[in-house]
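As a basis for the values below, the full set of heavy atoms in this structure was taken, side chains included, without hydrogen atoms, waters or symmetry mates.
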Amino acid sequence: MKYRILNIKNCVCVLLTSITLAICSVQAKPTLNDYQNVALTIQKYFDGTQFGKKALVKEAFTETLFIQWINAEGEFKSRDASSYIGNITEGKHTPRYGHIVSIDITNNAASAKVEIDWGERTISDYLLLLKIDGKWKITNKIATVEPKQ
């Protein structure tokens with residue numbers, strides 16, 4: 001009888017542990033819709049900078065976004081979202097063409113690598129995004145600039 005009680009207690013303990021681990025390990029898996037919405041946010045950034053549409057860039061970025069990069073001369077540079085958007089000339093087309101290289105999503109956080117061809121240089125941006133109030137926003141970005149060969 002004693003053996004049977006211990007066996008039942010062990011089974012209950014194992015069952016409860018398994019349930020707890022299952023609950024703790026559940027993460028919201030990214031959906032196709034998440035990938036599409038991250039891509040749409042990035043496209044707003046591309047279109048806003050290429051076609052001089054500040055409103056699109058503002059929609060893609062958080063107000064607290066911070067940008068850091070190494071320029072073609074190897075110098076460290078940085079600026080905030082307001083300064084970056086302020087440098088966009090409204091309505092002016094800039095011949096820069098971006099494409100998404102990769103997107104990685106975990107729950108409500110994402111990262112993306114994008115490349116932008118702009119004249120004689122290629123810019124690689126590494127973007128961090130968060131899903132805030134149901135919308136994906138670019139929160140930070142780092143970049144490097146390489147001359148085309």
Fill in: N/O donor-acceptor pair under 3.5 Å between Lys148 side chain and Thr122 backbone
no
Worksheet item: Can you name the one residue among Ile105, Leu127, Ile100 that meets side-chain contact (heavy atoms from CB on, under 4.5 Å) with Val38?
Response: Ile105
Fill in: Connected via hydrophobic side-chain network under 4.5 Å: Leu128 and Val114
no
Worksheet item: Going by heavy atoms in the side chains, are Thr49 and Val57 under 4.5 Å from each other?
Response: yes
Worksheet, complete the sentence: Taking every heavy atom of Gly52 against every heavy atom of Ile88, the minimum-distance pair comes out as CA-CG2, 3.8 Å
Response to the item:
In short, Thr62 meets Ala81 closest at the heavy-atom pair O-CB, 3.8 Å
Practice prompt. State whether the side chain of Thr41 and the backbone N or O of Trp136 hold a donor-acceptor pair below 3.5 Å, judged by distance alone.
Written response: yes
Worksheet entry | Nearest-0.5 Å distance, CD1 of residue Ile123 to CH2 of residue Trp118 | 5.5 Å
Worksheet entry | Nearest-0.5 Å distance, NZ of residue Lys113 to NE2 of residue His99 | 8.0 Å
Discussion item. Let me confirm one number: the CG-CD1 distance from Leu129 to Ile42, rounded to the nearest 0.5 Å.
Written reply: 5.5 Å
Worksheet entry | Hydrophobic cluster identity match, Tyr35 and Leu130, side-chain contacts under 4.5 Å | no
Discussion item. Looking at Glu90, I'd like to know if its CD atom is crowded, meaning that more than 12 non-hydrogen atoms belonging to other residues, nucleotides or ligands lie closer than 6.0 Å.
Written reply: yes
Fill in: Approximate separation, where rounding is to 0.5 Å, of Asp34 CG and Thr31 OG1
3.5 Å
Worksheet item: Which pairs count as ring pair (Phe, Tyr, Trp, His ring centres under 6.0 Å) when at least one residue sits in residues 36-65, sequence neighbours excluded?
Response: Tyr45-Phe61, Phe51-His93, Phe61-Tyr84
Practice prompt. Could you go through the side chain to side chain contact (heavy atoms under 4.5 Å, CB included) check for Asn87 and Arg79 one step at a time?
Written response: CA-CA 11 Å; Asn87 282 340; Arg79 67 168 51 140; 3.0 Å; yes
Fill in: Side chain Lys137, main chain Glu59, donor-acceptor under 3.5 Å
yes
Worksheet entry | Spacing of CG belonging to Leu65 relative to CD1 belonging to Ile138, to within rounding of 0.5 Å | 7.5 Å
Discussion item. Working to the nearest 0.5 angstrom, can you tell me the gap between Asp80 CG and Glu63 CD?
Written reply: 11.0 Å
Practice prompt. Could you tell me whether the side chain of Pro147 reaches within less than 4.5 Å of the side chain of Arg121, counting heavy atoms only?
Written response: no
Discussion item. Has Thr144 got a side-chain atom pairing as donor or acceptor with Ser124's backbone, closer than 3.5 angstrom?
Written reply: no
Worksheet entry | Check: Phe66 main-chain N/O paired with Asn140 side-chain donor or acceptor under 3.5 Å | yes
Fill in: For Tyr126, the rest of its hydrophobic cluster, which grows through side-chain links under 4.5 angstrom
Ile142
Worksheet item: Do the side chains of Asp47 and Lys53 get nearer than 4.5 Å, heavy atoms only?
Response: no
